[in-house]
Amino acid sequence: MIRLTVVIPFLLALVVFSASNQDPLDMWLLTYSWKCSAGVLALIVAAVAFIMGAFCLWAAELVQRRRARKAEQRVRELEAQLAQVQAASAATHVVEHPQGFPTAAVIPPPSEDSI
């Protein structure tokens, strides 16, 4: 929404400028010269700037998408490793209860003396 409040007045000013500057003028760039109105030149410059900005945004978005894909792949790998560790942990810590019910063994953390 903030972009529109900035872009719309700029575009309106550009259109008003283009409409009010229709007299052809001699334009030159280095050794090239041509006749063009200042309004048309302003519209062409704005269009080229828009295309360049869109290209820069697209290039930056590609970098972010690549980083996101790598991060998602890493999350999948870590979740698979976590599932393997949890399965191995559950398999090694199941102890038969005297009444025949499987329960998880409670292993106390290592004390400072045993290290």
**Message:** Tell me every residue that passes side-chain hydrogen bond (donor to acceptor under 3.5 Å, both in side chains) with Arg66, counting only those two or more places apart in sequence or in another chain.
**Reply:**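 Here no residue qualifies.
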
**Prompt:** With sequence neighbours excluded, what pairs up with Lys35 under the side-chain hydrogen bond (donor to acceptor under 3.5 Å, both in side chains) test?
**Reply:**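 Once residues adjacent in sequence are excluded, the partners of Lys35 under the side-chain hydrogen bond (donor to acceptor under 3.5 Å, both in side chains) criterion are Asp26.
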
What pairs meet the salt bridge (Lys or Arg N to Asp or Glu O under 4.0 Å) rule with one or both residues in [range], with sequence neighbours excluded?
{"range": "residues 5-19", "result": "none"}
{"range": "residues 52-62", "result": "Glu61-Arg65"}
{"range": "residues 43-59", "result": "none"}
{"range": "residues 36-48", "result": "none"}

**Item:** Hydrophobic cluster partners of Val63 (side-chain heavy atoms under 4.5 Å)
**Value:**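 None; Val63 is a cluster of one.
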
**Asked** Linking Ile, Leu, Val, Met, Phe, Trp and Tyr through side-chain heavy atoms less than 4.5 Å apart, which residues share a cluster with Leu62?
**Response**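 Its cluster mates, by chain and number, are Phe55, Trp58.
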
**Asked** If every non-hydrogen atom of Leu4 is compared with every non-hydrogen atom of Pro9, which pair is closest and at what distance?
**Response**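 Residues Leu4 and Pro9, closest heavy atoms: O-CD, 3.9 Å.
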
Just jot down the side-chain contact (heavy atoms from CB on, under 4.5 Å) partners of [X], sequence neighbours excluded, or say none.
{"X": "Ala38", "value": "Phe17, Asn21, Leu25"}
{"X": "Leu41", "value": "Met27, Cys36, Val45"}
{"X": "Leu78", "value": "Arg74, Gln81"}
{"X": "Gln22", "value": "Ser37"}

**Asked** Is it the case that one hydrophobic cluster holds both Val15 and Leu12, taking links as side-chain heavy atoms less than 4.5 Å apart, direct or via other members?
**Response**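 No, separate clusters.
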
**Request:** Starting at OG of Ser18, measure out to CG of Leu11 and round the result to the nearest 0.5 Å.
**Result:**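 Rounded to the nearest 0.5 Å, the OG-CG separation comes out at 10.5 Å.
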
